[in-house]
Amino acid sequence: MDFELTREQKAIRDEMFAVCADLGQNAPVELTGAPEDKWLTDEGWEYNKYCWKEIAKRGWISIDWPVEYGGQGRSRIYKTFLSEAMGYNRISHDAGMCVVAPTLLTFGTEEQKHRFLPLIASGDTHWCQLWSEPEAGSDLANVTTRGVKEGDYYIINGQKTWTTGGHRADWGFMIFRTDPNAKPKHRGLSYILVDMKSPGITVSPLPQMNFKHGYNDVFFDDVRVPSENLIGKENDGWKVTRGAMNSERSGLGVLAKLQRYLDVLVRYCNETEANGKRLSEDPIIRNRLAEIACDLAASKALSYRIIWLQDAGGVGAFEASAIKIRSSEIYMSISYLGNEIMGPYGQVKDSRWSPLQGIFEDEYQSNMALAMAAGTNEIQRNIIAWERLGLPRMR
Ligand SMILES: Cc1cc2nc3c(=O)[nH]c(=O)nc-3n(C[C@H](O)[C@H](O)[C@H](O)COP(=O)(O)OP(=O)(O)OC[C@H]3O[C@@H](n4cnc5c(N)ncnc54)[C@H](O)[C@@H]3O)c2cc1C
């Protein structure tokens, strides 16, 4: 097995890392890299928009799209290098690039591709995911937000919840019910792109325990959405949703961010003394850091396997679920370890006493998000039990 990159791959990857590292130098101080940070302040949001424009300018958002849609026709591995470079340098991803574009390329009409893909490639539009509802999370087919066709529009009523970045997004990609009597219930769902400025949409913050605002409830009150925005056929939205779930599954962006945290912690332990000794000489700390290094290395190998499988024609549910579980668990381990190493100082925020600008204090309160978002780890384990181990399917 040969894991070496070609000379061209290596050159482009290096360039992506250099550009993102340069952009990362200008990140606002409060932007730690926690998932919700980019939406938190106007400054953070403007900074991320600036980064996306710079990345778009180089043609990297569309690097793996076919040439006829403005891409470079390269393999998926190049997009993964970009995810890695952005993740390591704390530049957030946008759902347009990661989810909407691959969904359009697979399920969109020619008209839809030519209309929406250029907006995504230019870094000009920002997207949110309108899937979950108060009674539809793990059981997503339970969606009740209702759309009734009236002429060339769907009139949509209902509530979405947990909408990450809904207060900043220009567009949303939504699953909604078009047939309330369908059995099984996933057969009555459709998938549509929604302009978030449409009259009748109300976005309301879901406050977090760390007082940040990344997530929202989104209410639909007689919202008119053009039926030309429907992706796939009416009542066939489940297929599109599943396709969208499969879009970016390597997890390499998250792992790259965690690699940065490990590098930061190692540096901190080398530079900080307690009881007359450097922290890096403490056998327990060394042990714990080494464990995380092992976990990260194994997970990165699995990520690269996922990309290889995707390029070879489709990623298995086992690999995608396994990387989701592992990356979220490493995320928790490293956030907890950072706080343990720093002791009481780890809990101090916005002070000259808070080590490393409070990154680990912040992550301590945010890290569990990944274990829930995009399908909880319990659900991922169920999938593995069923798909990989052949255990009975749980509904
Ligand atoms: C940080 C964050 C960001 C999110 N962003 C978005 C977003 O942008 N857009 C969006 O649409 N949604 C978003 N979500 C919602 C997310 O997809 C749901 O929270 C998730 O699917 C779980 O659904 P739920 O919250 O309704 O929990 P439930 O489905 O009610 O689950 C509650 C608990 O029961 C467990 N459970 C449920 N069913 C089973 C089962 N069959 N077997 C074993 N255990 C089970 C779950 O694992 C969980 O621990 C986000 C969530 C989080 C936490």
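Ligands are counted one by one from 1 in listed order, and the atoms in each one are counted from 1 as well.
For Tyr78 and Phe81, the ring centers are positioned less than 6.0 Å apart.
Polar contact check, Asp139 against ligand 1: no nitrogen or oxygen pair lies under 3.5 Å apart.
With sequence neighbours left out, the side-chain contact (heavy atoms from CB on, under 4.5 Å) criterion links Ala121 to Ser62, Trp65.
Ligand-side atoms of ligand 1 in range of Trp131: 11 (O), range being under 4.0 angstrom from any heavy atom. Shown in contact with Ala369 at under 4.0 Å from a heavy atom are these atoms of ligand 1, numbered in order with element: 1 (C). Those atoms of ligand 1 with a heavy atom of Thr376 less than 4.0 angstrom away are 22 (C), 46 (C), 47 (O). Atoms of ligand 1 lying under 4.0 Å from any heavy atom of Asn382, numbered from 1 in the order shown and given with element: 40 (C), 41 (N), 42 (N), 43 (C). The Met372 neighbourhood of ligand 1 comprises atoms 20 (C), 53 (C), with distances under 4.0 Å to a heavy atom of that residue. Close approach to Ser132 involves these atoms of ligand 1, each under 4.0 Å from a residue heavy atom: 10 (C), 11 (O), 12 (N), 13 (C), 14 (N), 15 (C), 16 (C), 17 (O). Interface atoms of ligand 1 facing Ala374, defined by a heavy-atom separation under 4.0 Å, are 17 (O). For ligand 1, the atoms closer than 4.0 angstrom to any heavy atom of Thr164 are 3 (C), 4 (C), 5 (N), 6 (C), 7 (C), 8 (O).
Counting heavy atoms of neighbouring residues, nucleotides and ligands inside a 6.0 Å radius, atom CZ of Arg286 does not exceed 12 of them. By the 6.0 Å contact criterion, CD1 on Ile284 is open, its count of non-hydrogen atoms from other residues, nucleotides or ligands being 12 or less. Atom NZ of Lys277 is surrounded by 12 or fewer heavy atoms from other residues, nucleotides or ligands within 6.0 Å.
With distances taken over non-hydrogen atoms, the option nearest atom 6 (C) of ligand 1 out of Tyr215, Trp127, Trp162 is Trp162.
Contact analysis leaves Cys128 out of contact with ligand 1, as no non-hydrogen atom separation drops below 4.0 angstrom.
Considering only heavy atoms from C-beta on, Tyr88 comes within 4.5 Å of Arg260 through its side chain. Looking only at side-chain heavy atoms (C-beta outward), Val194 and Ile201 come within less than 4.5 Å of each other.
A donor and an acceptor atom, one from each side chain of Glu110 and Tyr69, are located under 3.5 Å apart.
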